[in-house]
Amino acid sequence: MSLVTIRNVEFLNNPARFSDVYRFRVTFECIAPLQEDLEWKLIYVSCPGQEELDQELDDCLVGPVPVGVNSFEFEGTPPDPSKIPTEDVLGVAALILTGSYKDQEFVRVGYYQNTEYDNEEMKENPPANIIFDRLVRDISTKPRVTRFQIKWDTAATVSAGAATSAAVPSADDLDDGMDQDDPQENGQKPQ
């Protein structure tokens, strides 16, 4: 059972210019005290299958984390254009938010990002050399969520209020448009 469940990820500046920072708010629930901070990372994937081209845009530690519903705002730098192959700048890329505890990834939230020019003429007839100042990005509002079982603190006990509270429904019960990977398909044990 996961002690931390993401409730919502809200992008605060979407769509935006390609060179703008990523600004978003993460809301999550923690059902037991944690001994250490949570680590969150934002990763830009321009070319699937070539992991060496992935760019970690930012990371942050959140803690101490109280039991209950928590949220934080996160800013991530835009990707470095010099590290993106020219043929992969326009079109679809992936943006991945990961959550980890004690160096163990427990959740991965992936989004598709479409990058294009900001006017129809340039969309139809792209210039030979990419003009980054004219690019805009739009992040899909339907993420793909993958959860992983990890070893949480052995001394952690689930708060009785969190286990029985009906005020905040489980993310699994919400029809929030978030796709979920089946952990069994990924070789993981179901939660």
Side-chain angles (χ1 to χ4, degrees), residues 2 4-30 38-62 69-101 104-118 123 130 132 134-150 169-183 185-186 188 191:
S2 182
V4 176
T5 304
I6 291 184
R7 295 282 179 222
N8 190 36
V9 178
E10 175 187 7
F11 284 88
L12 304 175
N13 63 338
N14 186 45
R17 310 244 15 117
F18 182 79
S19 57
D20 288 350
V21 297
Y22 293 91
R23 290 184 39 243
F24 54 97
R25 179 180 300 115
V26 177
T27 302
F28 64 94
E29 182 177 14
C30 181
L38 296 174
E39 181 179 26
W40 300 90
K41 292 182 183 180
L42 186 64
I43 301 164
Y44 179 82
V45 179
S46 63
C47 189
Q50 293 188 8
E51 201 170 312
E52 68 276 6
L53 297 176
D54 292 358
Q55 296 183 49
E56 184 177 310
L57 303 180
D58 216 336
D59 68 341
C60 72
L61 294 174
V62 175
V69 177
N70 302 277
S71 69
F72 66 96
E73 289 190 12
F74 190 9
E75 280 194 9
T77 59
D80 179 350
S82 70
K83 295 180 179 177
I84 304 171
T86 305
E87 64 274 11
D88 293 324
V89 172
L90 296 173
V92 178
L95 192 63
I96 299 171
L97 174 68
T98 66
S100 298
Y101 184 67
Q104 304 170 90
E105 185 177 332
F106 64 88
V107 69
R108 178 175 286 225
V109 185
Y111 296 88
Y112 290 113
Q113 172 181 304
N114 188 46
T115 303
E116 61 187 4
Y117 281 103
D118 60 3
K123 287 179 192 176
I130 294 177
F132 285 92
R134 300 300 304 269
L135 296 180
V136 291
R137 66 171 190 246
D138 189 10
I139 300 166
S140 165
T141 58
K142 190 171 183 178
R144 180 103 180 167
V145 179
T146 306
R147 293 179 178 89
F148 304 98
Q149 284 201 353
I150 67 166
S170 166
D172 297 331
D173 298 332
L174 297 175
D175 184 16
D176 60 4
M178 289 183 148
D179 284 347
Q180 290 184 291
D181 284 344
D182 181 347
E185 289 177 11
N186 297 328
Q188 302 286 325
Q191 295 184 13

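Keep in mind that this is a model prediction, so the values were computed, not measured.
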Taking all atoms of both residues into account, what is the closest heavy-atom pair of [X] and [Y], and its distance?
X: S100; Y: F106; answer: N-CE2, 3.5 Å
X: S46; Y: A93; answer: CA-CB, 4.2 Å
X: R137; Y: D20; answer: NH1-O, 2.7 Å
X: F72; Y: C60; answer: CE1-SG, 3.9 Å

With rounding to the nearest 0.5 angstrom, report the [atom1] to [atom2] distance, [X] to [Y].
X: L95; Y: F11; atom1: CG; atom2: CZ; value: 5.0 Å
X: T77; Y: E56; atom1: OG1; atom2: CD; value: 9.5 Å
X: L57; Y: L42; atom1: CG; atom2: CG; value: 4.5 Å
X: L135; Y: E116; atom1: CG; atom2: CD; value: 9.5 Å
X: Y44; Y: Y22; atom1: OH; atom2: OH; value: 6.0 Å

_A quick test of your reading: do over 12 heavy atoms of other residues, nucleotides or ligands sit less than 6.0 Å from OH of Y112?_
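Result for OH/Y112: open.
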*With sequence neighbours excluded, what pairs up with F74 under the ring-ring contact (aromatic ring centres under 6.0 Å, His included) test?*
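Only F24 meet the ring-ring contact (aromatic ring centres under 6.0 Å, His included) criterion with F74.
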Backbone of [Y] reached by a side-chain donor or acceptor of [X] within 3.5 Å:
X: T98; Y: R108; result: no
X: R17; Y: D118; result: no
X: N13; Y: V21; result: yes
X: D88; Y: C47; result: no

[Y] and [X], any side-chain heavy atoms less than 4.5 Å apart:
X: L38; Y: L61; answer: no
X: V89; Y: P81; answer: no
X: I6; Y: V145; answer: no

*Could you walk me through whether V136 and T115 pass side-chain contact (heavy atoms from CB on, under 4.5 Å), step by step?*
CA-CA 6 Å; V136 291; T115 303; over 6 Å; no
_Qualifying salt bridge (charged side-chain N to carboxylate O under 4.0 Å, His left out) pairs with a residue from residues 72-87, counting only residues at least two apart or across chains_ = R23-E75, R25-E73
*Test side-chain contact (heavy atoms from CB on, under 4.5 Å) on Y111 and V9 and set out the steps.*
CA-CA 11 Å; Y111 296 88; V9 178; 3.1 Å; yes
